[in-house]
Amino acid sequence: MNAQASVAVVVVAAGRGVRAGPGAPKQWRPLAGRAVLAHTLDAFAGHPRCDRIVLVLHPDDMAMAAGYTAREDCRMDAVAGGPDRAASVLNGLEALAEVAPDFVLIHDAARPLVSPGLIDGVLAVLEKGPAAAPALAVTDALWTGRDGRVTGTRDRDGLFRAQTPQGFHFDAILAAHRAHPGGATDDVAVARAAGLDVTIVPGDPDNLKITGPADFARAERLLRGRMGDPITDIRLGNGYDVHAFTGGDHVTLCGVSVPHDRALLGHSDADVGLHAITDAIYGALADGDIGQHFPPSDPRWKGAESDIFLVHARDRATARGFAIGNVDVTLVCERPKVGPHAPQMAARVAELLGIAPDRVSVKATTSERLGFTGREEGIAAIATATLVAR
Ligand SMILES: Nc1ccn([C@@H]2O[C@H](COP(=O)(O)OP(=O)(O)OP(=O)(O)O)[C@@H](O)[C@H]2O)c(=O)n1
Ligand SMILES: C[C@](O)(CO)[C@H](O)COP(=O)(O)O
């Protein structure tokens, strides 16, 4: 083949993105202000070697095709996909059968960070051989596990994490897909089943496949960095809570038991400080509030330690790709005196959140004997939390 070989691209975007969680399928969700799919298509349409693109969409999404295919920099056609990735790829290849380009690159719509250099690397190998695909050598230790426990180890030597675009001589991969029984995870598996020799090209760690909910924040950070946009995704939330006094001999504030001549009344342990911090984190995530996640009507939370609410909010932030930047809580009461216990409270909150103690501030104020806190009818707490995309 010479340098003028024609190149077509099949972008598969017909999946439903179940692992990405509720909402629109991942290729349609926003990333740095545009759909994931728009970034992916731009990467190929803007590459000087790509002559045409076939976009494979779910049959239910075909009405959206026009918004993406009508462009001047590259010819693009849309076709409907099949029930699994391999079936979608085959539909894309069949749409190119008449054109029969020399090379075809097959790429996941869910990998919007594919770089021109990676495309170049795959194409360079296709000048010499029938198939090339990017991959990263496994560098972490590998374990097997069950029920949260390690059950064994595996040798990582010779193992790779496969990426796309996977590139092929078009006639060879079309024949291979037509002959394959179906169900292959990727096109390298199809090519190898047909006896094609596949060369490994160095992959790109940034060329992640958006798969779970946390991948959006990571992809957005990488994309914005690449666009020279210094804005980090920082979320700010606030939380406010009040609990009334009742008879008793201690109160629990920010996870610390403080002797007092009253107790706080509540369905759980009535830790007004942890409740406010928990709500601040939910607020930063735009993820409802403590009452939605732990309804007071649910007997499971009767007398519960509020630690579990805070840990739940922390885990929701982590799952969405955010680290907790800092929290600041102010307890409003005349008594008990909070100051002597504040360092211990901050240490406990930091421990529960898994962050450094200097990222947690616990303060207190009186309300100058005004209002319900001034009359010692209860304690109020107000909290702020920041979340930073990782
Ligand atoms: N029937 C299918 C299934 C997947 N894909 C595409 O194949 C790529 C990689 O697949 P994956 O990450 O598994 O996507 P989904 O199938 O959408 O995800 P999930 O398995 O979480 O539902 C995605 O761009 C996806 O749109 C496709 O075109 N047709
Ligand atoms: C093709 C692929 O992107 C290679 O890593 C991947 O196999 C497709 O997605 P899945 O997560 O295996 O369904």
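Just so you know, ligand 1 is whichever comes first in the structure, and atom 1 is the first atom listed for that ligand.
- Within 4.0 Å of ligand 1, heavy atoms belong to protein residues V12, A13, A14, G15, R16, G17, V18, R19, K26, G82, P83, D84, R85, S88, D108, A109, A110, K209.
- Screening Q27, R29, K26, M64 for a side-chain contact (heavy atoms from CB on, under 4.5 Å) with L37, the sole residue that qualifies is Q27.
- Both L126 and V11 belong to a common hydrophobic cluster when Ile, Leu, Val, Met, Phe, Trp and Tyr are linked at side-chain heavy-atom distances under 4.5 angstrom.
- The residue from L41, V10, T40 that alone fulfils the side-chain contact (heavy atoms from CB on, under 4.5 Å) condition with I53 is L41.
- Using a cutoff of 4.0 Å between basic side-chain nitrogens and carboxylate oxygens, R156 and D140 are not scored as salt-bridged.
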Would you give me the side-chain donor-acceptor pairs under 3.5 Å for residues 337-350, sequence neighbours excluded?
{"from": "K337", "atom 1": "NZ", "to": "E334", "atom 2": "O", "distance (Å)": "3.2"}
{"from": "R348", "atom 1": "NH1", "to": "E351", "atom 2": "OE1", "distance (Å)": "2.9"}
{"from": "R348", "atom 1": "NH2", "to": "D307", "atom 2": "OD2", "distance (Å)": "2.6"}

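- Ion pairing between D120 and R49 fails under the 4.0 Å rule for side-chain N and carboxylate O.
- Near ligand 2, residues R19, R85, D108, R111, A162, T164, T185, D186, K209 each place a heavy atom inside the 4.0 Å sphere around the ligand atoms.
- Annotation for I308: hydrophobic cluster partners, listed by chain and number, are Y282, I290, F294, W301, F309 (ILVMFWY side-chain heavy atoms under 4.5 Å, direct or chained).
- Looking at T252 and D271, their side chains never bring a donor and an acceptor atom within 3.5 Å of each other.
- No donor-acceptor contact under 3.5 angstrom links the side chains of D328 and T384, judged on distance only.
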